[in-house]
Amino acid sequence: MNYFQIKILLLSFIVTVILGTIIIPLLKRRKVGQIEREDGPESHLTKQGTPTMGGIIIAVAIMILVVFIFFSYAKEDIELAKKLIPMSIITVGFGIIGLIDDAKKLLLKNTKGLKPAYKILGLLTIAVIYVIYIVKGVNLGTDTYIPIIKIFINLPLWIYVPFAIFVILGTTNAINLTDGVDGLCPTVSTIIITCLTVIGIIFDVKEVVIFGTIVIGVVLGFLLFNMHPAKVFMGDTGSLLLGGVISAIALYLKMPLILIIIAIIPVLETISVMMQVIYFKKTGNRIFKMAPLHHHFELSGWGENKVVSIFSLITLVLCIIGLIVI
């Protein structure tokens with residue numbers, strides 16, 4: 001990481017901390033508080049009323065930094081500056097969908113939020129725009145890297161487009177399910193995004209390095225307010241946004257399959273929910289004490305900090321393995 005990237009990282013962190021100190025009191029004043037699930041862990045009931053929708057901090061910080069970097073680079077390398085646009089579109093777009101969902105939950109004072117069909121339609125529309133943009137607008141093509149055997153395969157457009165959309169929606173849902181314990185989602189996401197940014201450095205994909213560095217600095221700044229006990233929750237505004245970031249960068253690098261390795265925690269969180277639902281429908285019993293997986297470990301006696309530490313350590317180890325097999 002060169003001096004310029006370190007400056008971006010520090011600037012992103014500082015901007016986020018400043019925004020956090022401004023926005024969190026505003027959320028408190030407007031009583032934008034968390035509504036806990038009635039069937040959730042009892043220990044989470046004490047979090048009722050904690051300011052949520054904190055993903056606004058992440059979204060606004062990223063937008064500020066991207067605009068700043070765009071105009072900084074526009075003078076000397078307009079093409080590189082333009083390449084920041086597609087990743088920014090999916091980030092802001094998914095953040096807006098999450099914001100609408102959060103706002104509806106708080107307005108109606110329930111945990112249902114935006115209707116699933118409307119949410120999927122919104123995410124699908126943005127995903128389609130992003131995939132077409134990177135294939136045709138940025139001319140990245142449909143090459144997809146296969147880790148371990150270390151080769152690119154060229155997928156037909158009619159296969160690549162639905163595959164890429166599936167990656168975006170699947171990753172976003174998985175990251176969204178990972179949010180539920182103080183600091184878990186941002187910590188795991190930061191490690192994954194750091195890994196993808198390092199891959200960007202290795203393959204010299206400058207726009208990914210710049211964008212990834214911005215997001216890392218922003219999420220680290222947000223973590224100051226989200227670590228246990230959390231002063232603010234990111235809500236769907238933040239979790240959908242981070243899911244969009246991770247999937248967008250992986251596709252931009254032509255390495256969506258690497259997520260199977262480095263994003264194993266979100267993958268397992270998703271699988272745990274699917275297994276729980278299917279098994280319960282067939283037998284009336286549960287495999288896990290509660291799904292997603294992090295709640296199972298909470299009810300097994302793990303504190304929130306232990307869940308975050310273990311899940312983050314697993315993610316870190318698998319990210320190192322991911323860097324080895326690319």
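The first residue of the sequence shown is numbered 1, and numbering continues consecutively from there. Just the heavy atoms: all of them, side chains too, but no hydrogens, waters or symmetry mates, feed the values below.
- Side-chain atoms of Tyr130 come within 3.5 Å of backbone atoms of Ala248 as a donor-acceptor pair (strictly under, hydrogens ignored).
- Using a 4.5 Å heavy-atom cutoff, the side chains of Ile210 and Leu80 are in contact.
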Scan the side chains in residues 279-290 for donor-acceptor partners under 3.5 Å anywhere in the protein, sequence neighbours excluded, and list what turns up.
| residue | atom | partner | partner atom | Å |
| --- | --- | --- | --- | --- |
| Thr283 | OG1 | Tyr279 | O | 2.8 |
| Thr283 | OG1 | Asn285 | N | 3.1 |

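- How far CD1 of Ile261 is from CD1 of Ile192: 12.5 Å, rounded to the nearest 0.5 Å.
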Derivation and outcome, salt bridge (charged side-chain N to carboxylate O under 4.0 Å, His left out), residues Lys119 and Asp236
CA-CA 11 Å; Lys119 184 187 289 189; Asp236 280 4; 3.2 Å; yes
Residues 307-316 side chain polar contacts: donor-acceptor under 3.5 Å, at least two apart:
| residue | atom | partner | partner atom | Å |
| --- | --- | --- | --- | --- |
| Ser309 | OG | Asn305 | O | 2.8 |
| Ser312 | OG | Val308 | O | 2.6 |
| Thr315 | OG1 | Phe311 | O | 2.8 |

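- Between the side chains of Asn226 and Asp182, no donor N or O sits under 3.5 Å from an acceptor N or O.
- Counting heavy atoms from C-beta outward, Thr144 and Tyr160 have side chains that approach closer than 4.5 Å.
- Looking at Pro86 and Val138, their side chains come closer than 4.5 Å, going by heavy atoms from C-beta outward.
- Here the side chains of Ile64 and Val67 are not in contact, with every heavy-atom distance at 4.5 Å or above.
- Under the side-chain contact (heavy atoms from CB on, under 4.5 Å) test applied with Leu177, the options Thr270, Thr172, Leu268 reduce to a single match, Thr270.
- Using a 4.5 Å cut-off on side-chain heavy atoms (C-beta onward), Met53 and Asp102 make contact.
- Checked options Ile168, Leu242, Val245; the residue passing with Phe94 is Ile168 (criterion: side-chain contact (heavy atoms from CB on, under 4.5 Å)).
- Side-chain atoms of Ile58 and Met234, non-hydrogen and from C-beta on, do get closer than 4.5 Å to each other.
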Using side chain to side chain contact (heavy atoms under 4.5 Å, CB included), reason through Ile260 and Val267 one step at a time and then give a plain yes or no.
CA-CA 7 Å; Ile260 297 172; Val267 169; 5.8 Å; no
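- In this structure, Val17 and Val15 have side chains that are not in contact, with every pair of non-hydrogen atoms separated by 4.5 Å or more.
- Applying the side-chain contact (heavy atoms from CB on, under 4.5 Å) test between Ile258 and each of Leu253, Val325, Ile148 identifies Val325 as the sole match.
- A donor-acceptor pair under 3.5 Å is absent between the side-chain atoms of Lys104 and the main chain of Lys115, judged by distance alone.
- In this structure, the side chains of Ile89 and Tyr133 come closer than 4.5 Å at one or more pairs of heavy atoms.
- Atom CZ of Phe203 has more than 12 neighbouring heavy atoms from other residues, nucleotides or ligands inside a 6.0 Å radius.
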